[in-house]
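Here the structure comes first, spelled out in structure tokens, and everything after it is commentary.
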Amino acid sequence: MKRPKIGLIGAGNIGGQLALLCSQKSLGDVVLYDIPQTETMPKGKALDILQSTPVSGGSVNVTGTTDWNDLAGSDVLIITAGVPRKPGMSRDDLVQINTKIMSDVAKNAKEKCPGAFTIVISNPLDAMVYVYHKITGFPASKVVGMAGILDSSRMRTFIAQELGVSVTDVTAFVLGGHGDSMVPLPRLCSVAGIPLTELLSKEKIDAIVKRTADGGGEIVALLKTGSAYFAPAASAVEMAEAYLRDRKITRPCAAYLNGEYGYKGTFMGVPVVLGAGGVEKIVEIQLTPEEKKALDTSYGHVQSLVKATGI
Ligand code: APR
């Protein structure tokens, strides 16, 4: 069978890491794209990664380009095109500039890659995935935003650190928009099936919830230039793999809501099943009144960002 084609739109920090992980997992042939102003940079990054495959064992091709024609017929697109935030900026501060970039990407994707399953990473996430979906008109099941896996992964890390246990034993769920109003759900966190609420005090859990919501900002402040890229790339690759290998994993992702959880016509983080059908199902769970109120607040925030895009 022919190898799948994976188009990575944006060859910056996350794009490069995505290309490396896709090659290491032999997910498919990778085409790393960036704008013509970057000149030969995507080609250089791709060649460097390709030269790591004899050692890593990845048996795929990796190429770089500044020409959308080379992306034609991609099976998967992962979009990181855009500007990352600087210390002191929120994700929302990026809305104007990244809306322009996302509109350009969406027009090209619609023309060159009509069958692709698309994972959007650019921020502000929920608004950017909305813009992409609106302009491409792609089916809602084939367009999804990466945020919940990353936020949950951060929460899992903090829980494991606090308890001195393996991260692989810890599950966590973060719903809502990818921003300050995200909704970490301690009630749905566990360690090897043991509810987190039986293992940690409310104060400790509250501190982890806060650190999770501030997780991206903590990295931005430490890096000083740019934002997180290793964990975001790993999270998106889990989603791409779920699609390409029909894994049917249940994870929080920014999915198009058509009445689920009482919201309509917007993208926001909810539990979904990811498989060969893309977003195969949105899982609706019963929320406590407090959790629903927090999700409503997050939805309101996402709505105001979507409005700010002007799309
Ligand atoms: N098409 C394709 N790529 C573009 C476009 C465009 N229209 N405009 C800009 N880019 C490219 C830039 O040239 C740059 O190489 O997107 C790349 C972004 O890379 P970085 O600046 O390194 O940013 P990165 O850390 O990868 O984050 C990208 O993801 O998490 C979000 O907030 C983050 O919105 C940001 C995005």
Side-chain angles (χ1 to χ4, degrees), residues 7-22 31-46 49 64-71 74 77-113 118-132 135-136 144-151 153-154 177-180 182 215-237 239 253-254 269 305 309:
L8 304 177
I9 315 303
N13 281 339
I14 304 179
Q17 186 60 18
L18 284 170
L20 181 67
L21 291 174
C22 289
V31 182
L32 187 58
Y33 169 88
D34 212 304
I35 45 175
Q37 292 90 315
T38 61
E39 300 187 352
T40 55
M41 181 276 281
K43 282 192 167 69
K45 227 176 233 197
I49 291 168
T65 185
T66 53
D67 181 354
W68 261 96
N69 287 315
D70 293 329
L71 293 155
S74 293
L77 290 176
I78 309 181
I79 301 174
T80 61
V83 172
R85 55 184 164 147
K86 297 189 177 68
M89 281 174 97
S90 81
R91 295 180 182 91
D92 304 357
D93 295 330
L94 305 172
V95 72
Q96 302 301 339
I97 179 157
N98 282 355
T99 295
K100 272 202 204 93
I101 292 173
M102 191 53 67
S103 305
D104 166 63
V105 170
K107 279 177 203 137
N108 282 301
K110 183 178 180 170
E111 192 190 326
K112 308 283 182 198
C113 314
T118 305
I119 300 165
V120 175
I121 303 184
S122 313
N123 276 313
L125 189 272
D126 307 271
M128 289 306 104
V129 66
Y130 175 90
V131 167
Y132 181 86
I135 293 175
T136 57
V144 67
M146 187 295 296
I149 297 181
L150 171 63
D151 296 328
S153 190
R154 286 180 172 146
H178 186 49
D180 298 344
M182 71 177 73
E218 183 178 355
I219 307 265
V220 170
L222 290 167
L223 289 177
K224 307 244 192 292
T225 54
S227 50
Y229 51 101
F230 293 112
S235 304
V237 166
M239 295 166 74
C253 298
L305 275 174
T309 66

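Numbering of ligands and ligand atoms starts at 1, following listing order.
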### Query
Are any non-hydrogen side-chain atoms of Cys22 and Val237 less than 4.5 angstrom apart?
yes
### Message
Under 4.0 Å, counting heavy atoms only: does Asn108 come that close to any atom of ligand 1?
### Response
no
### Query
Considering only protein heavy atoms, which is closest to atom 17 (C) of ligand 1, and at what distance to one decimal place?
Asp34 OD2, 3.8 Å
### Message
Can you report which non-hydrogen protein atom sits closest to atom 18 (C) of ligand 1, along with the distance?
### Response
Gly82 O, 3.3 Å
### Query
Got Val31 and Thr65 here, is their nearest side-chain heavy-atom distance under 4.5 Å?
yes
### Residue portion contacting ligand 1 (non-hydrogen atoms closer than 4.0 Å) for Asn13
both
### Query
Counting each atom of ligand 1 from 1 as listed, which ones have a heavy atom of Ile101 under 4.0 Å away?
5 (C), 6 (C), 7 (N), 8 (N)
### Contact atoms of ligand 1, heavy-atom distance to Thr38 under 4.0 Å
13 (O)
### Task
Please check if any side-chain donor atom of Asp126 sits under 3.5 Å from a side-chain acceptor atom of His178, or the reverse.
no
### Query
Looking at Val105, which atoms of ligand 1 are within less than 4.0 Å of one of its heavy atoms?
1 (N)
### Message
Check for me whether Pro84 has a heavy atom closer than 4.0 Å to any atom of ligand 1.
### Response
yes
### Task
Could you check which of Thr225, Ile79, Asn123 puts a non-hydrogen atom nearest to atom 31 (C) of ligand 1?
Asn123
### Message
Heavy-atom count check: over 12 atoms from other residues, nucleotides or ligands less than 6.0 Å from Asp67 CG?
### Response
yes
### Query
Taking Asp93 for the side chain and Ser90 for the main chain, is one N or O donor matched with an acceptor at less than 3.5 Å?
yes
### Query
If you measure from each non-hydrogen atom of Val83 to ligand 1, which part falls under 4.0 Å: side chain, backbone, both or neither?
backbone
### Query
Does some side-chain heavy atom of Gln17 sit less than 4.5 Å from a side-chain heavy atom of Leu20?
yes
### Query
Just by modelled atom types, is the Thr66 backbone N or O under 3.5 Å from a matching donor or acceptor in the Asp70 side chain?
no
### Task
Quick one: look up the protein heavy atom nearest atom 19 (O) of ligand 1 and list residue, atom name and how far away it is.
Gly12 CA, 3.3 Å
### Flag, side chain of Lys45 to backbone of Gly12, donor-acceptor distance under 3.5 Å
yes
### Query
Does any N/O atom on Asp104 come nearer than 3.5 Å to any N/O atom on ligand 1?
yes
### Query
Has Pro232 got any heavy atom lying under 4.0 angstrom from an atom of ligand 1?
no
### Sub-4.0 Å atoms of ligand 1 with respect to non-hydrogen atoms of Tyr33
1 (N), 2 (C)
### Summary
When distances are taken from atom 36 (C) of ligand 1, the protein heavy atom at minimum range is Thr80 O, 3.4 Å
## Note on the structure
Looking only at protein heavy atoms, what sits closest to atom 26 (O) of ligand 1 is Ile14 N, 2.9 Å
### Query
Got a sec: does the NZ of Lys112 have more than 12 other heavy atoms crowding it under 6.0 Å?
yes
### Task
Would you check if the side chain of Asp34 reaches a backbone N or O of Ala11 as a donor-acceptor pair within less than 3.5 Å?
yes
### Query
So do the side chains of Leu223 and Ser227 get within less than 4.5 Å of each other, counting heavy atoms only?
no
### Task
Starting from atom 3 (N) of ligand 1, find the nearest protein heavy-atom neighbour and note its residue, name and distance.
Ala81 CB, 3.4 Å
### Query
With atoms numbered from 1 as shown, which atoms in ligand 1 lie under 4.0 angstrom from a non-hydrogen atom of Asn98?
34 (O)
### Query
Is there a side-chain contact between Leu18 and Ile121 (heavy atoms, below 4.5 Å)?
yes
### Task
Would you mind checking which non-hydrogen protein atom is closest to atom 6 (C) of ligand 1, with the distance to 0.1 Å?
Ile35 CG2, 3.4 Å
